[in-house]
Amino acid sequence: MQETYDPAAVERDAQKYWGAHASFRSVEDPKKRKFYCLSMFPYPSGKLHMGHVRNYTIGDVLTRYYRMRGYNVLQPMGWDAFGLPAENAAMANKVPPAKWTRDNIAYMKKQLQGLGFALDWQRELATCDASYYKWNQWLFTRLFKKGLAYKKTGVVNWDPVDQTVLANEQVIEGRGWRTGAVVEKREIPMYFFRITAYAEDLLKALDDLPGWPEQVKLMQKNWIGKSEGVRIGFEYFLENKKQTLWVFTTRADTLMGATFMAVAAEHPIAAFASQKNPELKAFVEECKKGAVMEADLAQIEKQGMPTGIFATHPLTGEKLPVWVGNYVLMGYGEGAVMGVPAHDERDYAFALKYKLSIKPVIRHPAGDRVDPPWRSEYAEYGVCINSGPYNGLSFGEAVNAIARDLKQKDLGEKQIQWRLRDWGISRQRYWGCPVPIIHCPSCGDVPVPDDQLPVRLPEHLVPDGTGNPLNKLPAFYETTCPSCGEPAKRETDTMDTFVDSSWYFARFTCPDQDRQMVDERAMYWMAVDQYIGGIEHAILHLLYSRFFTRAMRDEGLLPGLAEPFTNLLTQGMVLAESYYTDASGRREWVNPADVSIEKDSKGKILSAKRNSDGAPVVYDGIGTMSKSKNNGVDPQALIDQYGADTARFYTMFASPPTNTLEWSDESVEGSYRFLKKVWDFAYRFSRAKCDAAADRKIRYQIHLELKKANDDVERQKFNTVASACMKILNAIDQLPEWNATSKEGLSILLRLLSPIAPHVTHALWRELGFGEDVLRAPWPEPDAAALEQDEVELVVQVNGKLRGSIKVPKAADKEAIQRLALSNDNVQKFVAGQAIKKFVLVPGRLINLVV
RNA sequence: GCCCGGGUGGCGAAACUGGUAGACGCAAGGGACUUAAAAUCCCUAGGCCGCAAGGCCGUGCAGGUUCAAGUCCUGCCCCGGGCACCA
């Protein structure tokens, strides 16, 4: 064998072997246990970033492990190929998004292959291929016919200068990214998926997902947001016509404390009242300025203005002023709230600001009064006071009594409210899947019939930033009505790219199927046994996928399947340091790859400079890799310099998968050094004789590490598996002579390491004659006999402080152990004649003497 | 603002169910080999005190529960993710 480790040659040969043996092709085999392992498919942005390398290495480690465990494994790869960045690149480079996207796919595919991922490339798919998005369209028409897809108005960000809809990302501090114009909210017709029809099921089923992180389930639960409360009607008159203003509240027990009403700027009352009130009209207009993002809305200063309209309290008959409030959301509930300043923090601030009355109606832990400043106790549950017939009732009793009385008057009843809203899927953009609807003047919205699917997206257009270019292409939108044959207009909106990614996992099971969305192969492979992706997808993508799986099930496509992902691993983000120069008075971000750092003997950064010109740079701390801070680390440079195995080993070793990972060049060096050590050891082994008998002590260490490592693989803590590999090498390297333990240890090491660093272990396994293919070797198991020990070491504490350690025979009883512990000199010093009040023995671990 | 996480040496981290805090590695310092460098190997290493044996302190901050707390409880501070049109 070669004396020195040559990653490039080793990796080329291993990849050639896997290719020639079709090692990763997956075929359905009902006799074998299947393992479907899936990493979230990438957006083809140009080149892989470290997050991809990390994500796909985690998945690859798992698939290789399960292969060695004898499972029939599927690990596919594809491309989330529609989306906004392609349009931005198209505008910048005057190249159609299709070409830009497909070039990126070709390059990134090469990169993935170079990393040696065990992927079945025969199943590759891209969401921008008509053979894929045809089935988006097909399912849309099915849901449309069932009423699970429908049209209503939705609010969007509108750039008044470019006359175009902006994505939230394109709104910077309330202004359009290209024009700088103040963004406005605008209501336009859109298509929605009725995800709320599945709200109850999506919520309940979270309890049956033991393989999901609690954190993600909790986030989804809160997002769906089931709350039980009461719908209450407040009557008012509009031009002498009696109307009812409905609100929803979870605190009906505080109804007697309501002193005002607040409605959203978009509420019909606000529109009506502003007709005769120019000041109010201006306020309502002002509320409509700005973007639609909830994070922004929640942080603006609470403001309001009275409408001059009064609504009648349904129980007391009191007249309550109706205000317009910029903090009331039209999209949640009824777009109106009752104001109970005494027991709601927002209402309290609003009432103080506008001098509205505050009426305490609940006794809280600090008393009956609600003097300023606001205290959180004011919002706690308690018994009713100042509430007439409800005085003395507890929260539950009061809600029941008030709901009953309201029902008698036909002005309210108990209701369940969801925070979850229906999913608006229309995008006024070009590079996406066309919504398959034809607008006919006489027949209305007609879904495109099956035999006319797919509605193909023309691929030659280049957007210019002023709206969807499909609107300027009569050849696309001029058509005839499928139902009456008269001239009609094709819908030019495309679908949210989340639609594409909500079912690709099912399509991977049968990507060549051209007669249906999925076939029976889906029921062999689904559900995905292990799904891996960034924590940033904890809600939207994962919730939409759960919804789609149910919608497809109810369409008969995935019989009996509700949950797409049995086990979920959410990986942390990859972070990097950032640096800037401000010589010109303006920050110029310098890529960390172009920075040299000088550190003191403690490792603190003394100074940093740019390599290219020696200019001093300022360290700006660590954060997510981003374009704006120019701190992205290109994994390709790392792969070119050290090889794929080092890149893979480093990403696994540096931190556990769920943690954030901070990029460090130096640690990469250490990973390379370890692989080189493995090679060197193997080379020396290949020239030695290992006839000597096994070493008991080292065998114990190896098998103990293996036992822990096997637990850690199951717990998906690959960083400690990597360190176990290092410990095993250190152990066998310590052996004074080559013996049976050298050989056994190396055989265990190579198999344990093979999922993480598959190329080098593939080469060594063959070179050293362990077998034909390490991937087909059995996974190593610890030998119980090697783990047997006659003596155990116990730590001795006195009053909980460590004072020494003793060796005791395995079978020693409590008294014997106590005697041995007290015979220790240092322990004696601290016990020193005092009475032993308590003797705590944790078998195999420690003793605590309490004196 | 709301929801969900996280905070352990100079750095990444380990400590599985409350039981030896800092395994493994990086960076650093010292040494060996070398004409020299690279590579490799050996040694040191949480802080403070001490020649040493050993002692005291130490897991974001302030309290609490316990024989025993990085781990459990209460309050606070800081950082990250998500908030429905980035993917």
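The sequence lines fix the lettering, A, B, ..., with proteins before strands; numbering per chain opens at 1.
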Using a cut-off of 4.0 Å on non-hydrogen atoms, how would the nucleic acid contact of [X] be classed: base, sugar-phosphate, or nothing?
X	answer
A:Gln215	sugar-phosphate
A:Asn659	sugar-phosphate
A:Gln428	base
A:Ala654	sugar-phosphate
A:Lys801	sugar-phosphate
A:Tyr327	nothing
A:His537	base
A:Met495	nothing
A:Val216	nothing
A:Pro42	nothing
A:Ser45	nothing
A:Arg803	sugar-phosphate
A:Phe830	sugar-phosphate
A:Trp223	base

message: Just to verify, what does A:Ser39 make a side chain to side chain donor-acceptor pair (under 3.5 Å) with, not counting sequence neighbours?
response: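 A:Ser39: side chain to side chain donor-acceptor pair (under 3.5 Å) contacts with A:Asn55.
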
- request: Not counting sequence neighbours, which residues clear side chain to side chain donor-acceptor pair (under 3.5 Å) with A:Arg546? List them please.
  value: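 Residues passing side chain to side chain donor-acceptor pair (under 3.5 Å) with A:Arg546: A:Gln220, A:Glu563.
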
Taking distance alone, no hydrogens or angles, what donor-acceptor pairs closer than 3.5 Å link side-chain atoms of residues 838-847 of chain A to residues at least two apart or in another chain?
none

message: So if I take every side-chain heavy atom of A:Ala298 and compare against B:A13, B:G1, B:A87, which nucleotide ends up nearest?
response: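 Selected nucleotide (nearest to the side chain): B:G1.
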
- request: When you get a sec, tell me which of B:A87, B:A15, B:C83 is the closest nucleotide to the side chain of A:Asp80?
  value: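 In terms of side-chain proximity for A:Asp80, the closest of B:A87, B:A15, B:C83 is B:A87.
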
Carboxylate-amine/guanidinium contact A:Asp712 A:Arg715, below 4.0 Å: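 A:Arg715 and A:Asp712: salt-bridged.
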
- prompt: Would you call A:Asp162 and A:Arg178 a salt bridge, using N to O less than 4.0 angstrom?
  reply: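 Yes, this pair counts.
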
Listing time: all N or O pairs from protein to nucleotides 19-25 of chain B that are below 3.5 Å?
unit_1 : atom_1 : unit_2   : atom_2 : d
B:A23  : O2'    : A:Lys727 : NZ     : 3.2
B:A23  : N3     : A:Lys727 : NZ     : 3.3
B:G25  : OP1    : A:Asn730 : ND2    : 3.0

When the side chains of residues 187-196 of chain A are checked against the rest of the protein, which donor-acceptor pairs come out under 3.5 Å, sequence neighbours left out?
unit_1   : atom_1 : unit_2   : atom_2 : d
A:Glu187 : OE1    : A:Thr153 : OG1    : 3.1
A:Tyr191 : OH     : A:Asp445 : OD2    : 2.7
A:Arg194 : NE     : A:Gly147 : O      : 3.0
A:Arg194 : NH2    : A:Gly147 : O      : 3.3
A:Thr196 : OG1    : A:Asp422 : OD1    : 2.7

task: Could I get the full list of side-chain contact (heavy atoms from CB on, under 4.5 Å) partners for A:Met77, not counting sequence neighbours?
output: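 With neighbours one apart ignored, the set is A:Pro42, A:Tyr56, A:Leu112, A:Leu119, A:Trp121.
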
